[in-house]
Number of protein chains: 2
Amino acid sequence: MARAGLTADRLIRAGAELADEVGFEQVTLSALARRFDVKVASLYSHLKNSRDLKTGIALLALAELADRAADALAGRAGRDALTALADVYRDYAREHPGRYAAAQFRLDARTAAASAGVRQAQMTRALLRGYDLTEPDQTHAVRLLGSVFHGYVSLELAGGFSHSAPDSQESWERILDALDALLRNWPAAKAP
Amino acid sequence: MARAGLTADRLIRAGAELADEVGFEQVTLSALARRFDVKVASLYSHLKNSRDLKTGIALLALAELADRAADALAGRAGRDALTALADVYRDYAREHPGRYAAAQFRLDARTAAASAGVRQAQMTRALLRGYDLTEPDQTHAVRLLGSVFHGYVSLELAGGFSHSAPDSQESWERILDALDALLRNWPAAKAP
DNA sequence: TGCATTTTCCTAATGCCTTTAGGCAACCGA
DNA sequence: TCGGTTGCCTAAAGGCATTAGGAAAATGCA
């Protein structure tokens, strides 16, 4: 019988598409096998197990996000860079909800450390060089930005801001305004 | 044969405990049946299906969160109220990670509208009365606070801020400082 | 109290998912 | 072209969700 030409890479890529179509939770080896018109057991020649597939999709999403972030940040600084980076996350989540969910998949520490997730943190840090922050405030700001981006996008994706005025786009813009203002005017630590 | 005395309420409560112990994802009718030493099919007299159980746990978590928030906000205003409300979310997530994850469970629109989630939004709004914001900025600020609280707590729970200096508690405090400053000094909308 | 009704829990069966074992055919290098 | 490796298969076992149908316990009403 003819071979299907499976590889881990093709499977993970197809898994990512599947995630965007039906949700990351519903990504299953069975569904993937169906998509390739192949028996489930055959996938085990290319993937260790179901978790391995999900990990692969997560790493793919993290890498895509980091690539987009790098592109977006190139040649920009300050408020411009902030908006660009923020939109990378929001746009990615809206274009690829399944992949975005995958990017939140809990990786083990070793895998996470080797993932493109670290690149993302570095880029947020790079963005902050356009503002006048020194350690440890810079780290606090990195964490704040990560929280806002992730939090907002999650809530928006969960439908939290739909069906209510003002529309989400407007809030997003005003929130970025506010963050920009905050970063330019970061409050000094209080006395203990 | 003696009856086990199951009720939807007891099952949901036990499901919430199970979630905190093994994670919301792993909450399963089978595991719950085992916990009550009962056959799985028996649960269907009390719950419509597996999703019904998860919905119940989500509603329980949302209600508990709203109760805590109401307590925390009583008699406080401004920066005090902000810290109190923020800590409600963070502490709840750390004490009850499974329930906190459940609170993120995607409810259908009708159920969500009837849940304690709306009470939470109202309380965030109440908190903002201590600052000088008018619509639509107040709504933007509600969404910002929701995003930061949820985003920070999620990332922290996922281990994002561990094993790196400065420690998470310090970032949390400084971020709340920053948000307080931002709310007291919310930037005016730019001209179109 | 006695009896009918309802409720609760059971067994049995089905279907979907994951994972492992073992086999044969297709591919690749020498 | 021949032997080894790899890719895909069948088969089987185990877990979870769900439904159908039955029997015993609880309930309620005469």
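Everything numeric here is computed off the predicted structure, so don't read it as measured data. Each chain gets a letter, A, B and so on, in the order the sequences are listed, and its residues count up from 1.
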Visitor: So which of residues 5-23 of chain B are in contact with DNA chain D, with a heavy-atom cut-off of under 4.0 Å?
Guide: none
Visitor: What nucleotide, of dT19(D), dC9(C), dC8(D), holds the atom closest to the side chain of Y44(B)?
Guide: dT19(D)
Visitor: Measure the CE-CZ distance between M123(B) and R68(B) for me, rounded to the nearest 0.5 Å.
Guide: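 It is 12.5 Å, given to the nearest 0.5 Å.
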Visitor: Is the shortest heavy-atom distance from the side chain of W186(A) to the side chain of H140(A) under 4.5 Å?
Guide: yes
Visitor: Can you measure R3(A) atom CZ to dA26(C) atom P for me and round it to whole angstrom units?
Guide: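 Computing the R3(A):CZ to dA26(C):P distance gives 9 Å.
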Visitor: Take atom NE2 of H46(B) and atom P of dA17(D), then tell me their distance rounded to the nearest Å.
Guide: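 The answer, rounded to whole Å, is 16 Å.
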Visitor: Less than 6.0 angstrom separating the ring centers of Y92(A) and H96(A), yes or no?
Guide: yes
Visitor: If I take atom NZ in residue K54(A) and atom C1' in nucleotide dT18(C), what distance separates them, rounded to the nearest angstrom?
Guide: 11 Å
Visitor: Nearest 0.5 Å please: distance from the CG atom of L144(B) over to the OG1 atom of T139(B).
Guide: 12.5 Å
Visitor: If you measure from OG1 on T28(A) to CG on L18(A), what distance do you get to the nearest 0.5 Å?
Guide: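 Answer for the OG1-CG pair, T28(A) versus L18(A), is 8.5 Å.
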Visitor: Do any side-chain nitrogens or oxygens of S42(B) fall under 4.0 Å of OP1 or OP2 in dC10(C)?
Guide: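 Checking dC10(C) against S42(B), a side-chain N or O does come within under 4.0 Å of OP1 or OP2.
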Visitor: Using atom NZ of K39(B) as one end and atom P of dA24(D) as the other, report the distance to the nearest whole Å.
Guide: 18 Å
Visitor: Name every residue in residues 27-38 of chain A that has at least one heavy atom under 4.0 Å from any atom of DNA chain C, in order of residue number, or write none if there are no such residues.
Guide: T28(A), L29(A), S30(A), R34(A)
Visitor: Quick one: does any side-chain atom of R174(B) pair with a main-chain N or O of P187(A) as donor and acceptor, under 3.5 Å?
Guide: yes
Visitor: Using whole Å, report how far CG of D52(A) lies from P of dT20(C).
Guide: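 Going from CG in D52(A) over to P in dT20(C) covers 12 Å.
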Visitor: Regarding E156(B) and R143(A), does a basic nitrogen lie under 4.0 Å from an acidic carboxylate oxygen?
Guide: no
Visitor: Is there a side-chain polar atom (N or O) of S50(B) under 4.0 Å from OP1 or OP2 of dA17(D)?
Guide: yes
Visitor: With ring centroids as reference points, do Y152(B) and Y89(B) lie under 6.0 angstrom apart?
Guide: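 No, ring centres 6.0 Å or more apart.
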Visitor: Nearest whole Å is fine: how far is dT10(D) P from L43(A) CG?
Guide: 13 Å
Visitor: Using a strict threshold of under 4.0 Å (side-chain N to carboxylate O), is an ion pair present between R106(A) and E25(B)?
Guide: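 Salt bridge: no.
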Visitor: Heavy atoms from C-beta onward define the side chain here; which of dT11(C), dT18(D), dT6(D) lies closest to that of N49(B)?
Guide: dT18(D)
